[in-house]
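Have a look at the structure below before the remarks.
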Amino acid sequence: MILIVVDDHPTVRKGIISIVSSNNNEYKILEAATQLEAEKIIEATNPDMALIDLKLGRNQSGIGLIKNMKKLNLKTKFIILTGGLMSSDFEEAEKLNVDGYIMKDAVSEDINYAINLIARGQKYYSPTVMNYYKRSKKNTQLDILTNRESEVIERVVKGMTNEKIAKELFISENTVKKHISSILTKLELDNRSQVAYFLSNIKKSSFEEIYDENKII
């Protein structure tokens, strides 16, 4: 089986190759440092798997590389390697139907587990990536609330009645009801009792990410 590692940092590239080769003797491992170099090698060899760094230097990207290679209808399974987390990158990768998304700081056992899983036709997405994406998606939903809706939701969580919210914000109860209805629609919730649970999950996810980062350090 042929596997290619694409990363513009020689040390990282060699490290990934060492990890993979130590547990997968059947792989012929190729390497590339740039998007252009990788495209030429992938097109020529049609590898079984490609581990690709998201950032490949100026005006180059792993996402761009995968987009170009997907047009060729190759058998290659594409895996993203990344040292950072951005929901926009993950969404782009999902649109391209990549087979894996792995953090560069993952332990060697996890990297090899992911490769073996993907080789068997399954997908692997790092738990760290999924937790970040879920939290980011929830925060994005909050960003679509207006300033007034944010003021209302803050008071709903405190357990205030519509009457108390109206008096505190100097608006009518009917206006409060309209804001709450809009909030529930935007957050895809069924009733106001779910609002507190929704927000507590966001706070919990944020805490868990901080804990995970400290644990990695």
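Below, all heavy atoms of this structure are taken into account, side chains as well, without hydrogens, waters or symmetry copies. Just so we're clear, the structure is a prediction, and the values are computed from it rather than from any experiment.
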Donor-acceptor pair, distance only, cut-off 3.5 Å: does the side chain of [X] make one with the backbone of [Y]?
| X | Y | result |
| --- | --- | --- |
| Thr82 | Met103 | no |
| Glu168 | Lys164 | no |
| Asp110 | Ala106 | no |
| Gln60 | Gln35 | yes |
| Thr175 | Ile171 | no |
| Ser18 | Lys14 | no |
| Ser150 | Thr146 | yes |
| Glu149 | Ile183 | no |
| Ser21 | Ile17 | yes |

Side-chain touch [X]/[Y], heavy atoms, less than 4.5 angstrom:
| X | Y | value |
| --- | --- | --- |
| Asp190 | Leu184 | no |
| Leu56 | Ser61 | no |
| Glu43 | Leu72 | yes |
| Ile153 | Leu145 | yes |
| Lys67 | Leu96 | yes |

Worked verdict on Leu81 versus Leu54 for side chain to side chain contact (heavy atoms under 4.5 Å, CB included): CA-CA 6 Å; Leu81 288 170; Leu54 268 178; over 6 Å; no

List the atom of [X], the atom of [Y], and the distance in Å for their closest heavy-atom pair.
| X | Y | value |
| --- | --- | --- |
| Ile80 | Ala93 | CG1-CB, 4.3 Å |
| Glu31 | Ile41 | O-CD1, 3.6 Å |
| Pro47 | Ile42 | CD-O, 3.5 Å |
| Gly57 | Asp8 | N-OD2, 3.5 Å |

Pair Thr161-Ile165, side chain to side chain contact (heavy atoms under 4.5 Å, CB included): steps then yes or no: CA-CA 6 Å; Thr161 64; Ile165 294 174; over 6 Å; no

Interatomic distance, Glu154 atom CD to Met160 atom CE [nearest 0.5 angstrom]: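 Between Glu154 CD and Met160 CE, I get 9.5 Å after rounding to 0.5 Å.
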
Distance, nearest 0.5 Å, that separates NZ of Lys75 from CG of Asn46: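 If I round to the nearest 0.5 Å, the distance is 5.5 Å.
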
Among the clusters formed by ILVMFWY side chains lying less than 4.5 Å apart, do [X] and [Y] turn up in the same one?
| X | Y | value |
| --- | --- | --- |
| Ile29 | Ile102 | yes |
| Leu51 | Leu65 | no |
| Val20 | Met49 | yes |
| Ile118 | Ile16 | yes |
| Tyr124 | Ile111 | yes |

Report yes or no: do [X] and [Y] form a side-chain donor-acceptor pair below 3.5 Å?
| X | Y | answer |
| --- | --- | --- |
| Arg155 | Asn162 | no |
| Asn68 | Glu39 | yes |
| Asn174 | Ser172 | no |

Just wondering, more than 12 heavy atoms not from [X] lying within 6.0 Å of its [atom1]?
| X | atom1 | value |
| --- | --- | --- |
| Asn191 | CG | yes |
| Tyr113 | OH | no |
| Lys167 | NZ | no |
| Lys40 | NZ | no |

Whether Tyr125 and Tyr101 hold their rings parallel, tilted or perpendicular, with breakpoints at 30° and 60°: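 Correct class here is parallel.
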
Pairing of Asp53 and Lys104 as salt bridge, 4.0 angstrom limit: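 Lys104 and Asp53: salt-bridged.
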
Lys77 with Asp48: basic N within carboxylate O range, under 4.0 Å: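 No, this pair does not count.
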
Audit row: Ile2, Leu30, side chain to side chain contact (heavy atoms under 4.5 Å, CB included) steps and yes/no: CA-CA 7 Å; Ile2 301 175; Leu30 308 176; 3.8 Å; yes

Derivation and outcome, side chain to side chain contact (heavy atoms under 4.5 Å, CB included), residues Glu92 and Lys95: CA-CA 5 Å; Glu92 280 293 315; Lys95 289 177 185 177; 3.8 Å; yes

